[in-house]
Amino acid sequence: MGDISIWLRDRISRRGLLSGGLAAAGGTTICATSVALGQSTHGQHKAAAAGPPPDHAGAHGAMITVGEVDDARNGFDPSVLLTEWDIGTVSRLPDGRTLRTFEVTAEDKEIEIAPGIMFPAWTYNGRVPGPSLRATEGDHLRIVFKNSGSHPHSMHFHGIHAARMDGVPGAGLIDPGDEFVYEFDARPFGCHLYHCHALPLKRHIHKGMYGAFVIDPDPARHPDQAEIARSRLFGTLENAGWQEFVMVMNAFDTNFDNENEVYAVNTVAHAFMKRPIKIVRDRPVRIYLVNVVEFDPINSFHLHANFFDYYEQGTTLVPTLRTVDLITQVQAQRGILEFTYRDHETGLYMFHPHQSEFTELGWAGMFDVVEAVA
Ligand SMILES: [Cu+2]
């Protein structure tokens with residue numbers, strides 16, 4: 001038995017898949033192939049479409065899922081989710097302020113998280129993660145939440161709001177068929193999240209009820225750092241210069257043993273290994289990173305061949321960490337990463353957590369740094 005087979009046997013054994021989960025896994029395997037990179041830095045590993053590679057040893061990023069997830073059936077594509085923001089419906093209040101209204105519906109939905117592996121999710125708007133809500137500091141927000149699911153649910157926002165808007169039992173937790181309107185001002189600016197707060201909490205979160213909630217700084221409120229604030233403000237010219245991506249690090253316990261079997265960014269295992277994220281070399285990159293992984297106490301993000309600045313929770317306009325290539329996040333921790341590949345060669349650059357197990361079970365991706373996007 002080769003190294004990979006031994007690894008796979010041990011993994012299946014430890015995760016308890018043999019006691020029932022393997023059937024749920026639909027026969028899908030995570031198996032060793034040389035990734036079809038075709039890049040000079042990986043030139044010693046010839047591209048292979050499927051099957052065992054001639055050499056198991058040292059194939060960088062070699063262990064990925066085989067086959068394709070049906071994005072159309074899921075109704076969402078992890079690559080599209082990277083840049084898809086829900087900015088709501090905008091109108092004006094009598095006092096001149098912006099009113100931003102979002103509509104979110106909870107529904108049960110079976111989704112495919114890795115080729116052939118179905119997961120009975122609870123979703124916001126039929127997708128996991130839920131819509132990436134984006135507002136501007138000082139907006140008045142109205143989130144019209146309908147529960148079309150089979151269990152009581154809520155939306156608990158990480159932000160500043162009244163107790164009665166907290167989305168916990170007795171304050172916005174609603175039964176199937178009911179509706180609730182959460183209403184509060186968008187503050188503080190930053191990279192936040194929302195999630196269901198029904199009990200048992202770990203089950204409701206892990207079933208897929210979470211999403212990014214980004215509040216852009218209002219440049220007028222930050223005169224000393226107005227230019228930086230404008231670069232963060234969605235829709236400005238300064239913001240358009242950036243390549244922004246929202247990444248929600250999540251995981252799935254497919255056999256309900258309180259351990260995860262599949263890890264990802266934006267739900268689908270190894271999606272960005274198979275479809276690397278295009279980055280134009282000369283334009284800066286900003287990532288809104290949110291960790292919602294249940295059952296594992298910590299997650300992380302490591303960028304290859306580069307370093308980044310980090311804004312913890314996104315609530316400052318100066319970095320809280322400078323020149324790092326790894327950050328760690330517990331559940332609900334989040335932040336903004338900023339970096340550039342301006343001085344690099346073009347090519348494929350990996351990103352992944354530095355928990356190697358997560359990487360092998362689906363959470364890894366590639367940036368494809370190019371001169372220009374065709
Ligand atoms: Cu829920």
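Worth knowing before you read on, the calculation uses all heavy atoms, side chains too, and leaves out hydrogens, waters and symmetry mates. Along the sequence shown, residues are numbered consecutively beginning with 1. Because the structure is a prediction, the values reported are computed rather than measured. One-based numbering, in listed order, for ligands and for the atoms of each.
Annotation: cation-pi pair Arg286/Phe308 absent, no NZ/CZ under 6.0 Å from the ring centroid and within 45° of its normal.
With ring centers used as reference points, Phe367 lies 6.0 Å or more from Tyr349.
Only protein atoms were considered; those of element N, O or S under 2.8 Å from the Cu ion (ligand 1) number 3.
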Show me the donor-acceptor pairs, under 3.5 Å and distance only, between side chains in residues 107-119 and residues at least two apart or in other chains.
unit_1 : atom_1 : unit_2 : atom_2 : d
Asp108 : OD1    : Ser150 : N      : 3.3
Asp108 : OD2    : Ser150 : OG     : 2.5
Lys109 : NZ     : Asn74  : O      : 2.6
Lys109 : NZ     : Gly126 : O      : 2.9
Glu112 : OE1    : Asp70  : N      : 2.9
Glu112 : OE1    : Arg73  : NH2    : 2.7
Glu112 : OE2    : Gly116 : N      : 2.8

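Within the 4.5 Å cutoff, no side-chain heavy atoms of Phe189 are placed close to those of Thr136. In this structure, the side chains of His352 and His354 come closer than 4.5 Å at one or more pairs of heavy atoms. You'll find the side chain of Asn250 reaches within 4.5 Å of the side chain of Val128, heavy atoms only.
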